[in-house]
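Notes to accompany the following structure.
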Amino acid sequence: MTKILEPKKQNSIFRRPSSETGIWSWITTVDHKKIGIMYGYAAFFFLLIGGLEALVLRIQLSQPDNNFLSAAEYNAMFTMHGTTMIFLAIMPISAAFFNYLLPLQIGARDVAFPRLNALSFWIFIFGGIFLYSTFIFGTAGAPEGGYLDEEVSWLGSAPNGGWFGYQPNAGLKYSPGTAMDFWALGLQILGIASLISAFNFITTIINMRTKGMRFMRMPVFTWMTFAVSFLLAFSLPIIAIALFYVTFDRNFGTSFFLVEGGGDPVLWQHLFWLFGHPEVYILILPAFGIVSEVLPTFSRKPLFGYAAIVFAGFGIAFIGFGVWAHHMFASSISTVAQAGFGLSTMVIAVPTGVKIFNWLGTIWGGKLKLNTPMLFSLGFIGMFVIGGLSGVTHSIVPADTQQTDTYYIVAHFHYVLFGGAMFGIFSGLYYWFPKVWGKMYNETLGKIHFWLMLIGFNLTFGPMHWLGLQGQVRRTWVYAKETNLQFWNVIVTIGAFIIALSIVVFMINWIFSKRNGEKAPFDPWDARTIEWSIPSPTPVWNFSTAPNVKSLDDFWHSKYDEDEEGRAVRKPTADQLLIDLEEDGLNPKEEIILPNPSYFPIVLASGLPLLGYAVIFKSIALAVVGVILILSGSFGWGTEPLEEGH
Amino acid sequence: MSNSHLSHPTPKKYVQIAIVLGVLTAIEVALYYTEEIVGSFTAPLLVTLAIGKFVIVVGWFMHLRFENKTVNRFFTGGMILALILFAIVMFERASANYF
Amino acid sequence: MLMKIFFKFKNLKYLFLVFISACIDNAPLDSLSPEGPYARSIDELFWLTFWIAVIIFVLVQGALLVSVLLFRDKPNKPEPKQVHGNTKLEIIWTVIPVLILAFIAVPTVRTIFDLAREPEDALKIEVIGHQWWFEYKYPDYGITTANVLVIPSDRPVRLEMWSNDVLHNYWVPKLNGKRYLVPGQKTYLNLHADNPDEFWAQCGEYCGLSHSKMRGRVISLSENDFNLWINNEQQNALKLEDGSLAAEGQSVFLNAGCTQCHVINGVWDTQGDRIAPNLTHFAARTVFAGAALENNKENLTNWLANPAKIKPGTFMPNLELTEAEINALIAYLGTLK
Amino acid sequence: MSTAHAYPHEDTGVETRKLGMWVFLSTEILFFGTLITTFMIFKGKDFPGIKLTDVYDIPFTSISSFVLLMSSLTMVLAHNALESDDQEKTRVWLLATAMLGAVFLAGQIYEFTEFYHKGFELDTNIFSSSFYVLTGFHGLHVFIGVVLLLSLWGIGQRQNGLTLESGMNLEFVALYWHFVDIVWIVLFTVVYLI
Ligand code: HEA
Ligand code: HEA
Ligand code: CUA
Ligand SMILES: [Cu+2]
């Protein structure tokens, strides 16, 4: 049936991997779909870990002056929670979507550099493992000269400087032990992974679009991938260097951020947020992309103001580079800088508003099918706007000096991160479920998940606004009974457990539907973009013939015409078209050459954590082994062609 | 698939360009030694020369002159972005109340 | 003019507050009940923004709900019109937010500069952050104290702040917003209380293990009381001679190692800065150890017996004092009015 | 083209790997921008202790800068030779480029050891730290470049030798190399001359 060429063996120094099933097929794969799926599962795993850490935090905070956790444990937990959620959960889940969907949406057979793609994934995995190995190898303790009443437990021996590791607290003197080194080096490794995938996606989008897929015909999700890749490409280098400085400060006696040697702790804030703010748009833009796909499909209307949404996305990305110091309003920045950054921050509301209004314009007058993906997308709009508006209240600098470092901020960023990014991601997970697995998920369970999560979410993060304004300071292990904050803290904790429950519902749905779900029809949502014009689950070769794209939402226009009133009318040929497409998609007419699997990405990637350990344990031997792995990986890579024989 | 609209220069041209670069470098070093005479113009002049050399290498040796617009925009975009961001950081830090 | 309308609106907020705070009595760190001009100007700005946000919130969520209710799929519903966009609308919903933001921007920028300006007749106080307590110095009066900041209520104070170790963030919610304390750099904050009163303070920025227990109190006093307080603080402690329990405590203090870190003017004198709170007028402070504890016998006993148990990471060691020594010390500390 | 997208598509006309390299170089600007910014901020501080100006040797560095600059010429000549399919010359120029790079590196190593002897060590103060991290990072780039050039040269020794289409593409290594050179143009001015 399939006419995939058997890879010719040899031609390289090592024998190429050739398994098509089983664990080796995953380890050596360079297929963007498999990589996407692995990204997804790994990220979801970390999401659960990060969530568990959050639950632990919440238990501690449910009582004033609680001693469920020690101070060291609490600090490690919120640091790992934030770091995990941002770098190991949301970013890689977005990467999962990019990987799986991007080539499909632009009609390509794979990304521009398939092996780099695998490399990026494995670096991410090793980075995550490296970071989490801090619980085994890491150490933490009281600042130099300070005293602790009890040993730091394994739970407390994780990074504890907060997810933005403000200096000098995260420096060696005030955070002794190796935990913060794990953090700095772990983020360094994860950054490399994201940077590589950013190059890959940018090149892919520029150069691999199928015939007729002009820029202004690309789906919005692809556009947002493009924007995110730029943000990554231009912001990660900054944090990479800053993390180098931290590593040097902690291990090699320099003092980039330490006043004793003439350094400047506020420089770290600048460098971190120069990356950190673009980072938050890195987290949200993929969700914007997903929602922009889901809303039109389930409204049975084209996206309102396609061009405006695209440009607004880039506007956000661009302005997002000019607002970083709004995280430093209370810091030692000048008054002029406060005013300037306050204004630039407000400006971001404009392009974001454009998006929100265009989404509303999309559903307005539509024929809304309230399936689970649609519910999550609608929920996304509602929840994100709350977070966005509280963001605007932060940009009012004097008001922010009251809010900053309180739970009001915690509320803001969970509304945008959870209510925004996570809702968008869940929407996408349901939406493309049939595409990926060829099965339908269970709609009832999906809806239960949505409503539980919506309620739990608001119970968790809604009261935090109030708590913050009432003076609950973030990153506090205990709060005094006299501050009268207990009542709402209990509610918050209850809410967190409701979220946990909703996630259990999601997992049940996923596992059972994937195994026993109904077989998905060819085009279950009557969708608009070309990834739905190929069979589900996607065949390994994606498109058996190159799609020739003639318009925006090409697939929709091949099914529907507009009558004189402008209403959609299904073409009489549509049903036959779908049958033909399925037939064609499953049986390629010509030989298809796919990139061959390779061992080298994982070999190369495995060298990086060893370099990390080498710094931490001050071991030349480890460094040598790491370098050897990297070199042999690169050498094998360099001598092995992407695909054999043609 | 490298396709440039303008044909690439000849080796002779490249050598000429290299000579220009060499001369500019010599001027830079000379400027360093004549700082007393040139005074406050030294720094701006040095920066201008560096930019000049930069542009020559990027434009001719890296063929950016002959390259596709998209590539061009990228590179200059990255450049401009970096310049603006880092200028702000430097000015901001220069105004802090160190003691 | 528009502003006025908005400020009228403000009274609505009490309704809102009553609703949301149904289950809470007063919270000492409440940032919504300003008790001084600086905090009040912030508060006004916040509520202005807040109500604008509420309006936008209602409009957006309203539009969302209405669309869902009106346009949800029903049997026999015809296919929708394929609308691709509308430039006029596009312009409208770009311009209106711009105008709204411009409207908020003006008072924002004005308030930023107002808050930063040094008040004319301000009393200058230095605030030095330590892990995990605040030290206060009154350069005009030669006073050094800790934990409790005493200010006059009839004039503003100008805090000149820096940190001795990591970043801290000084916050008295009822008097002003926060400002970081940065090692190697100076930052400034103005405070002014309407009336003589007591306020809570808290360190905002995460500063290590005991960040949550880095608290403070601010006491504003009338002119008279303030001067009395200054006079008292300027006195040295008396060296005790007799054989009382307190005198015993004094000798424990002098011999058990406390003097490595603590200063008591007149008893163990200042030789430059020490890393620990100056104890000369310890008994005059209502709270201690970064205001994490009320100043009473029980708390002091616990503290002296094992400081790290109360404040993990603290720089004060457990000196393995006996019960008798602790009692003597407490008696002595009680004399340091 | 070596990728398997055997069907027609829209593109920029720039070969994919080359495009990837340009994107990479655009982000390299941010890497070096951060390093240079830090260096400049600290340079403007008056913190006590030994400074770069106390130890450096302008004539020496000028010469090694000149060497690196000229390696760009040999690089472009190698590229040119390959385009006119002159394998022999390509290899010669490649080797010359790698050698010039190596000379530059040797100069840097010598310079660093000199500085160390004069008490300007990595952890001496912010001036030395930011100097070493900045120039060291650039040196690492040169080193990688030399390795790439030598591998190209090695591939060139094999039978069918180098082509512009081959896996290790000369054009994209050349881009990298020129970039390393222009970074030094900036560093030389910012670090040493101003
Ligand atoms: C997904 C991530 C995400 C997103 C999208 C945003 C979006 C925004 N954020 Fe947020 N932010 C974070 C994640 C995010 N943020 C995180 C993680 C932190 C904390 C980091 C830490 O300290 O740990 C943070 C902190 C943070 C601060 C610092 C607070 C402090 O620490 O003191 C500020 C200050 O200005 C801010 C502002 C904004 C603004 C103005 C937006 C805007 O983009 C929002 C724009 C959206 C809207 C405004 C709603 C829709 C618009 C309309 C309906 C149009 C009409 C509206 C108006 C006219 C107002 N954010
Ligand atoms: C996308 C990012 C993201 C997400 C999704 C979340 C999700 C949650 N966060 Fe997160 N949070 C951050 C990003 C995020 N957070 C960041 C960046 C910080 C700042 C950190 C810092 O200050 O440095 C922070 C800080 C933060 C704090 C403040 C800590 C402090 O300042 O002291 C709190 C407190 O309540 C909190 C709570 C929660 C809760 C209850 C959830 C819940 O929504 C979690 C829900 C998920 C689950 C409950 C998982 C489900 C688990 C199961 C179902 C168990 C099954 C398990 C197995 C089978 C293995 N978060
Ligand atoms: Cu000091 Cu927190
Ligand atoms: Cu931000």
Just so I understand: if I count every heavy-atom pair under 4.5 Å between each of [options] and chain C, which residue has the most?
| options | result |
| --- | --- |
| Val385(A), Thr404(A), Ile381(A) | Thr404(A) |
| Gly382(A), Ala170(A), Ala72(A), Ala399(A) | Gly382(A) |
| Gln472(A), Gln403(A), Gln486(A) | Gln403(A) |
| Tyr306(A), Tyr560(A), Tyr408(A), Tyr174(A) | Tyr174(A) |
| Ser395(A), Ala142(A), Pro296(A), Ser331(A) | Ser331(A) |
| Thr393(A), Ile363(A), Asn358(A) | Asn358(A) |

With the side chain counted from C-beta on, respond yes when [X] and [Y] share a heavy-atom pair under 4.5 Å apart, and no when they do not.
| X | Y | result |
| --- | --- | --- |
| Pro143(A) | Gln131(C) | yes |
| Tyr180(C) | Gln269(A) | yes |
| Val473(A) | Trp171(C) | yes |
| Lys173(A) | Val166(C) | no |

Any donor-acceptor N/O pair, [X] side chain to [Y] backbone, under 3.5 Å:
| X | Y | value |
| --- | --- | --- |
| Lys301(A) | Val83(C) | no |
| Arg72(C) | Leu368(A) | no |
| Gln402(A) | Asp43(C) | no |

Working to the nearest 0.5 angstrom, can you tell me the gap between [X] [atom1] and [Y] [atom2]?
| X | Y | atom1 | atom2 | value |
| --- | --- | --- | --- | --- |
| Lys311(C) | Asp149(A) | NZ | CG | 15.0 Å |
| Tyr147(A) | Leu209(C) | OH | CG | 14.5 Å |
| Ile112(C) | Ile396(A) | CD1 | CD1 | 8.5 Å |
| Asn169(A) | His211(C) | CG | NE2 | 10.0 Å |
| Leu29(C) | Glu482(A) | CG | CD | 10.5 Å |
| Leu469(A) | Asp30(C) | CG | CG | 8.0 Å |

Report which part of Gln61(C) has an atom under 4.5 Å of a heavy atom belonging to chain A: side chain, backbone, both, or neither.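 The answer is the side chain of Gln61(C).
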Report the option among [options] that has the most heavy-atom pairs separated by less than 4.5 Å from atoms of chain A.
| options | result |
| --- | --- |
| Asp114(C), Leu89(C), Leu181(C), Asn176(C) | Asn176(C) |
| Asp165(C), Ile96(C), Asn306(C), Ile310(C) | Asp165(C) |
| Lys213(C), Lys74(C), Lys77(C) | Lys77(C) |
| Thr111(C), Val60(C), Asn318(C), Ile104(C) | Val60(C) |
| Ser41(C), Ala53(C), Pro97(C) | Ala53(C) |
| Val66(C), Val68(C), Leu70(C) | Val68(C) |

Over all atoms of both residues, closest heavy-atom pair of [X] and [Y]:
| X | Y | value |
| --- | --- | --- |
| Glu79(C) | Arg567(A) | O-NH1, 2.9 Å |
| Pro398(A) | Ile42(C) | O-CG2, 3.4 Å |
| Val109(C) | Ala339(A) | CG1-CB, 4.5 Å |
| Ile386(A) | Phe57(C) | CG1-CE1, 3.4 Å |
| Trp364(A) | Ala63(C) | CZ3-O, 4.5 Å |
| Trp556(A) | Gln82(C) | NE1-OE1, 3.6 Å |

Donor-acceptor pairs are to be reported for all side-chain atoms of residues 257-266 of chain A against protein atoms at under 3.5 Å, with residues two or more places apart or in another chain.
from	atom 1	to	atom 2	distance (Å)
Asp264(A)	OD1	Val266(A)	N	2.9
Asp264(A)	OD1	Arg93(B)	NH1	3.4
Asp264(A)	OD1	Gln185(C)	NE2	2.8
Asp264(A)	OD2	Arg93(B)	NH1	3.0
Asp264(A)	OD2	Tyr98(B)	OH	2.5

Mind running side-chain hydrogen bond (donor to acceptor under 3.5 Å, both in side chains) on Tyr206(C) and Asn75(A) for me, showing each step along the way? CA-CA 9 Å; Tyr206(C) 174 59; Asn75(A) 296 346; 3.2 Å; yes
For Lys81(C), is there an ion pair with Glu565(A) - N to carboxylate O distance below 4.0 angstrom?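 No salt bridge links Glu565(A) with Lys81(C).
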